Amino acid sequence: QVQLVESGGGLVQPGGSLRLSCVASVSIFRTYPMGWYRQAPGKPRELVARYISSESPNYADSVKGRFTISRDNAKNTIYLQMDSLKPEDTAVYYCSIPPLAWGQGTQVTVSS
């Protein structure tokens, strides 16, 4: 069974940055799709950023230019660098290899 463990969430002020990490219990080499999703209170889960192939990842329009997804296959880890954070980015962020596995989520709160 694949396990995904996220870390790096927390409370940050608007305009600040956070870096999320997700460690997989299996090799992620050539694992696609794989990426980050989020769910805000009262809203459905939505895509943030993901790899669908070995080429460029895709991003939700709301995070383009502010968030960057990256991966280290040797460490079985993907990352989400989040810059210029806004209050509307507040959500639980999930790492996923859909539909195979989902992490437990990490809370990101953007507030002054």
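Computed from a prediction, not measured in an experiment: that's the story for all the values here. Residue numbers run from 1 in the order of the sequence given.
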For this session: Working to the nearest 0.5 Å, report the span between CG of Asp72 and CD1 of Ile28.
Result: 7.5 Å
Exercise. Are Ile52 and Met34 connected in the hydrophobic side-chain network, where two residues link if heavy atoms are under 4.5 Å apart?
Worked result: no
Problem set entry | Working for side-chain contact (heavy atoms from CB on, under 4.5 Å), residues Trp36 and Ile78 | CA-CA 9 Å; Trp36 293 93; Ile78 64 169; 3.5 Å; yes
Exercise. Cluster partners of Leu47, using ILVMFWY side-chain heavy atoms under 4.5 angstrom, listed by chain and number?
Worked result: Tyr37, Val92, Tyr94, Trp102
Problem set entry | Between CD1 on residue Ile69 and OH on residue Tyr59, distance to nearest 0.5 Å | 6.5 Å
Problem set entry | Check: Pro14 and Pro87 side chains under 4.5 Å, non-hydrogen atoms | yes
Exercise. Can you check whether Arg19's main-chain N or O pairs, donor with acceptor, with Gln81's side chain at less than 3.5 Å?
Worked result: no
For this session: Ignoring hydrogens and angles, tell me if any N or O in the side chain of Arg66 forms a donor-acceptor pair with the backbone of Ser84 under 3.5 Å.
Result: yes
Exercise. Just by modelled atom types, is the Gly9 backbone N or O under 3.5 Å from a matching donor or acceptor in the Thr106 side chain?
Worked result: yes
For this session: For the pair Tyr93 and Gln107, evaluate side-chain contact (heavy atoms from CB on, under 4.5 Å) and give the outcome as yes or no after the intermediate values.
Result: CA-CA 6 Å; Tyr93 284 70; Gln107 177 70 47; over 6 Å; no
For this session: Return the set of residues passing side-chain hydrogen bond (donor to acceptor under 3.5 Å, both in side chains) with Lys43 (not counting sequence neighbours), or none when no residue passes.
Result: none
For this session: Output the distance between atom OG (Ser112) and atom CG (Leu11), rounded to the nearest 0.5 Å.
Result: 9.5 Å
Problem set entry | Heavy-atom closest pair, residues Ala101 and Ser96 | O-OG, 3.1 Å
Problem set entry | Asp89 and Lys86 ion-paired at < 4.0 Å | no
For this session: May I ask you to establish whether Arg71 and Tyr79 are in a cation-pi arrangement, using a distance under 6.0 Å from NZ or CZ to the six-membered ring centre and at most 45° from the ring axis?
Result: no
Exercise. Tell me, do Arg38 and Ser62 make a side-chain contact under 4.5 Å, heavy atoms counted?
Worked result: yes
Problem set entry | Side-chain (Thr77) to main-chain (Lys75) donor-acceptor, under 3.5 angstrom | yes
Exercise. By side-chain hydrogen bond (donor to acceptor under 3.5 Å, both in side chains), which residues pair with Gln39, not counting sequence neighbours?
Worked result: none
Seminar exercise, completed: Here the gap from Leu100 atom CG to Gln1 atom CD, rounded to the nearest 0.5 Å, amounts to 9.0 Å
For this session: Take Thr109 and Val12 through the side-chain contact (heavy atoms from CB on, under 4.5 Å) test and state the conclusion after the steps.
Result: CA-CA 6 Å; Thr109 302; Val12 63; over 6 Å; no
For this session: Examine distances only and state if a side-chain atom of Thr90 and a backbone atom of Val110 form a donor-acceptor pair shorter than 3.5 Å.
Result: yes
For this session: Consider only side-chain heavy atoms of I, L, V, M, F, W and Y, link residues closer than 4.5 Å, and tell whether Val2 and Val5 are in one cluster.
Result: no
Problem set entry | Step-by-step side-chain contact (heavy atoms from CB on, under 4.5 Å) determination, Thr68 to Leu80 | CA-CA 6 Å; Thr68 304; Leu80 185 68; over 6 Å; no
For this session: May I ask you to check whether Asp83 and Ser17 show a side-chain donor-acceptor distance below 3.5 Å?
Result: yes
Seminar exercise, completed: One should read off an interatomic distance between Asn58 CG and Ser53 OG, to the nearest 0.5 angstrom, of 9.0 Å
Exercise. Under 4.5 Å between any side-chain heavy atoms of Tyr51 and Ser70, yes or no?
Worked result: yes
